[in-house]
Structures are given as C-alpha cells and as structure tokens.
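Here's the structure, in structure tokens; my notes come after.
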Amino acid sequence: MYLESEGVQLQDSSVIELGAGTGLVGIVAALLGADVTITDRDVALEFLRMNVKDNLPCDILRKVSVKSLNWGQSLDDFSKYDFILGADIIYLEETFSDLLKTFLHVTSENSVILLSCRLRYQRDYVFMDMMKEHFTVADVHYDTNTDVHIFRAQRLCTKEL
C-alpha cells in the first residue's frame, strides 16, 4: 500500500526485493513500472516463481526475474539497484550481518532502501543501529493498526579527502 499511496516513483527504475516470500512487494513494484529482481532462498523459489507467474500479465512478467539470494553470499551475481525493498525481513539476529552486507553491495549513494517491519524485540533496534552506521535511516510511515513501520534508508555520503 505504501508504494502506491505514497507516490514512490518506480516507473523504469531497477528494484530488488530481498527475502520476498510470496513476492507480493516485488509484484506490486512491477505493476508500478519497475524492472524487478525478486529474491529469496532456494527453498522458497518454486512457490515464488509460480506466484509471480500467476499474478502478473505477460507483458509485465518479462520485466521480472526471480533469483536465489542467500544474504551475504554470491553477491557478485547482483548489481546496484535504484530501490531495495524488504518486508518483514528483520527477525533473525544471526542474519543481520549478512543482510547489512547485502544492503551495502546492492546500493549506491543514490539507491533507496524501503524496509517494512515491526520492531518487536531489542534485537530489531540493534539492527536499525547497525544500519545507521552506513545509512541515513528515517521512519517515514507508521501504521497504528498493524504496528508496522516503513523505514527509508540511503547510504551515508563518503567525503573525499
């Protein structure tokens, strides 16, 4: 809902969805005109591919690819993206370092990360603090009915010496 209602301009931009699950966020991004790479672990790909195929018209389906991505691994298979999307992917503390490594790999200084999540536990705040070491992070939307935050993050500018 946030992508559409807040006027996020995805038309003709490159988008990657991390930890896609059903692929809903990536599917919406494709319907809004983006070239989308939808990713998850190998075990989720069969269902994910089927869901993407069943929910996108053929003319939009050609702008979508579904790929395996285990955070922090085989990152050379992925480039920089305009938008990095993630919904409810901050929950396993042991994945935090690899998720951050992945964010750093797929972003440039112009990339925007949109992260939708509930902040349930102290460890969730720890991850947000880890993000703030490399990104500006703003809480741009909060839904009181679902207790879901949308965070917008961009790489901190590196100063040339």
Side-chain angles (χ1 to χ4, degrees), residues 1-41 60 63-144 146-161:
M1 288 183 352
Y2 179 82
L3 292 177
E4 191 171 29
S5 65
E6 295 301 317
V8 177
Q9 297 301 316
L10 296 179
Q11 184 73 38
D12 299 322
S13 40
S14 61
V15 170
I16 186 168
E17 181 185 7
L18 303 178
T22 63
L24 177 61
V25 174
I27 289 168
V28 170
L31 290 169
L32 293 173
D35 292 311
V36 184
T37 302
I38 302 175
T39 67
D40 210 322
R41 297 176 302 138
I60 294 176
K63 296 178 73 172
V64 176
S65 64
V66 175
K67 292 184 177 182
S68 174
L69 175 58
N70 293 305
W71 300 334
Q73 300 174 23
S74 302
L75 295 176
D76 289 339
D77 295 340
F78 298 89
S79 60
K80 308 291 186 202
Y81 294 85
D82 299 320
F83 290 90
I84 298 81
L85 308 177
D88 203 23
I89 59 174
I90 301 172
Y91 56 91
L92 290 176
E93 193 168 6
E94 60 267 19
T95 66
F96 289 177
S97 291
D98 288 335
L99 178 56
L100 182 59
K101 185 177 181 181
T102 302
F103 279 147
L104 289 167
H105 180 82
V106 298
T107 56
S108 69
E109 288 184 359
N110 297 317
S111 301
V112 173
I113 298 171
L114 292 173
L115 197 54
S116 166
C117 62
R118 289 184 177 160
L119 297 175
R120 300 175 183 101
Y121 307 105
Q122 182 59 35
R123 66 179 179 248
D124 302 335
Y125 292 94
V126 168
F127 180 76
M128 298 312 292
D129 287 340
M130 290 171 65
M131 286 281 292
K132 290 175 183 175
E133 293 177 19
H134 303 277
F135 299 91
T136 59
V137 179
D139 191 340
V140 294
H141 180 78
Y142 177 66
D143 185 324
T144 55
T146 61
D147 191 31
V148 171
H149 297 261
I150 307 278
F151 293 96
R152 183 183 193 276
Q154 282 191 280
R155 272 209 175 177
L156 293 171
C157 293
T158 55
K159 295 181 181 177
E160 294 183 30
L161 299 176

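All heavy atoms count here, side chains included; hydrogens, waters and symmetry mates do not. Since the structure is predicted, the reported quantities are computational estimates derived from the model, not experimental observations. Sequential numbering from 1 along the given sequence is applied to the chain's residues.
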Minimum side-chain heavy-atom gap [X]-[Y] below 4.5 Å:
X	Y	value
D40	L69	no
Y81	T107	no
T136	L156	yes
L100	F135	yes
L114	F151	no
Y2	V140	yes

Between [X] (side chain only) and [Y] (backbone N and O only), is there a donor and an acceptor less than 3.5 Å apart?
X	Y	value
D124	Y121	yes
T102	G72	yes
H149	D139	no
R123	Y91	yes

| request: Give a yes or no on whether K101 atom NZ has more than 12 heavy-atom contacts from other residues, nucleotides or ligands under 6.0 Å away. | output: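 Not buried by this count: 12 neighbours or fewer within 6.0 Å.
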
| Donor-acceptor side-chain pairing of S14 and D35 below 3.5 angstrom |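 Checked: S14/D35 side chains show no N/O donor-acceptor pair below 3.5 Å.
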
| query | What's the shortest heavy-atom distance between M131 and V137, and which atoms? | reply |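 Residues M131 and V137, closest heavy atoms: CB-CG2, 4.0 Å.
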
| query | Is any side-chain N of the basic residue among D143 and R118 closer than 4.0 Å to the acidic one's carboxylate O? | reply |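 R118 and D143: not salt-bridged.
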
